[in-house]
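Predicted model only: the values in this text are computed from it and were never measured. A note on names: the letters A, B, ... follow the listed sequences, proteins ahead of strands, and every chain is numbered from 1. In what follows, every heavy atom counts, from backbone to side chain, and hydrogens, waters and symmetry copies are set aside.
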Number of protein chains: 2
Amino acid sequence: MNPALRDRWLARAERSMAEAGLRAGAARSRVVAVMAEDGQCLVGARDVVDRLRDRGAVGSQASVYRVLDELTSLGLLRRSLDDQGLAQYEIDDAAHHHHHLVDEDTGRVEAFEDADLEEAVIAAARRLGIELTGHEIVLRGRRPS
Amino acid sequence: MNPALRDRWLARAERSMAEAGLRAGAARSRVVAVMAEDGQCLVGARDVVDRLRDRGAVGSQASVYRVLDELTSLGLLRRSLDDQGLAQYEIDDAAHHHHHLVDEDTGRVEAFEDADLEEAVIAAARRLGIELTGHEIVLRGRRPS
DNA sequence: ATTCTTGCAAACTGTTTGCAAGCTC
DNA sequence: GAGCTTGCAAACAGTTTGCAAGAAT
């Protein structure tokens, strides 16, 4: 977990929520706090629910899902689905552009950045004659032991 | 739709199914036929169901889902999920390695191949120190009009 | 004749929604 | 005090599964 990123995002989140007229209710505050810490790479919506319920911090999963959805609409989170169709979220931060690496052995997902790969994507888009608006890359593999 | 690919896949499908002791029931045959034609790029499971039901070719969606799942287990199809978590399938053919390009305007998905991009992926995996077992790339963009 | 396949309907699971009570500003 | 938030429970949708009737070999 990257503390600088966490704080930057928290600051932005607070600003965005205030601007949108959203109040600091219990569920919302807790979800934001969890995402700032654990949402720097993909977290399952279910995991967020469980983490908050274990702590007794949030009463219902509906609230968690609702807040995650809201934060996504505000551009604070990015939503995706895992292989099984379960919702996952991660912080949406312009300066933290990254892709995902899935370990075939453990199933664990981690983030990576690679400037050359980015350039290759841009070059490919040019060859295809499209104006690129986004892209996602998932690498699957194993770490040699 | 590429007829050569269709025929190659149909032949392989027939062989694999026979080897597995699967019989040529109505539902299975129809699903295979549809996938050979329309499954060269991602098709929604639901679309397959609808297409076959409109034709009166298959009585229940359960059969379609079952067959799609079977074909995936046999390595004949590859399964994924769209943005909304709906199941999608496409032909799994070694010689037809491709990625996907999503048109931001229409939402339509099409396949593309790009050798340089493939190399960039391999190079990135090497830099990351992983043994690559697979990868997926989704490009989003729009075609300049 | 035997075994696989199909269709039906019910079950399942994660996610979403309606509503009344509670809390924030 | 007004109106946003929350929690509960019920609804939802796509997908999966159990089972009895119907085919394929």
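With hydrogens and angles left out, the side-chain atoms of B:Glu90 and B:His96 include no donor and acceptor closer than 3.5 Å. Between B:Glu118 and B:His99, the side chains place a donor N or O and an acceptor N or O closer than 3.5 Å (distance only, hydrogens not considered).
Ranking C:dC25, D:dT5, D:dT17 by closeness to the B:Ala62 side chain, first place goes to D:dT17. Among the nucleotides D:dT25, C:dT6, C:dC25, the one closest to the side chain of B:Ala24 is D:dT25.
Remark: A:Arg66 is not in phosphate contact with D:dT5, judged by side-chain N or O atoms under 4.0 Å from OP1 or OP2. Close to C:dT6, at under 4.0 Å from its OP1 or OP2, lies no side-chain N or O of B:Ser60. Of the side-chain N and O atoms in A:Arg23, none sit less than 4.0 angstrom from OP1 or OP2 of C:dC25.
Remark: P of C:dT24 and CE of A:Met17 are 14 Å apart, rounded to the nearest angstrom. Between the CG atom of A:Leu22 and the C1' atom of D:dT5 there is a distance of 10 Å, rounded to whole Å. Straight-line distance from the CZ atom of A:Arg28 to the C1' atom of D:dG3: 12 Å, rounded to whole Å.
Within 4.0 Å (heavy atoms only), A:Arg79 reaches sugar-phosphate atoms of the nucleic acid but no base atom. Contact annotation for A:Gln84: no contact, since no heavy-atom pair falls under 4.0 Å across all strands. Using a 4.0 Å heavy-atom cutoff across all strands shown, A:Arg30 reaches no nucleic acid atom at all.
Taking all atoms of both residues into account, the shortest heavy-atom contact from B:Leu101 to B:Arg143 is CD2-NH2, 4.0 Å.
The number of heavy-atom neighbours closer than 6.0 Å to CZ of A:Arg30, taken from other residues, nucleotides and ligands shown, is 12 or below.
Between B:Arg46 and B:Gly25, it is B:Arg46 whose nearest contact on DNA chain D lies nearer the 5' terminus.
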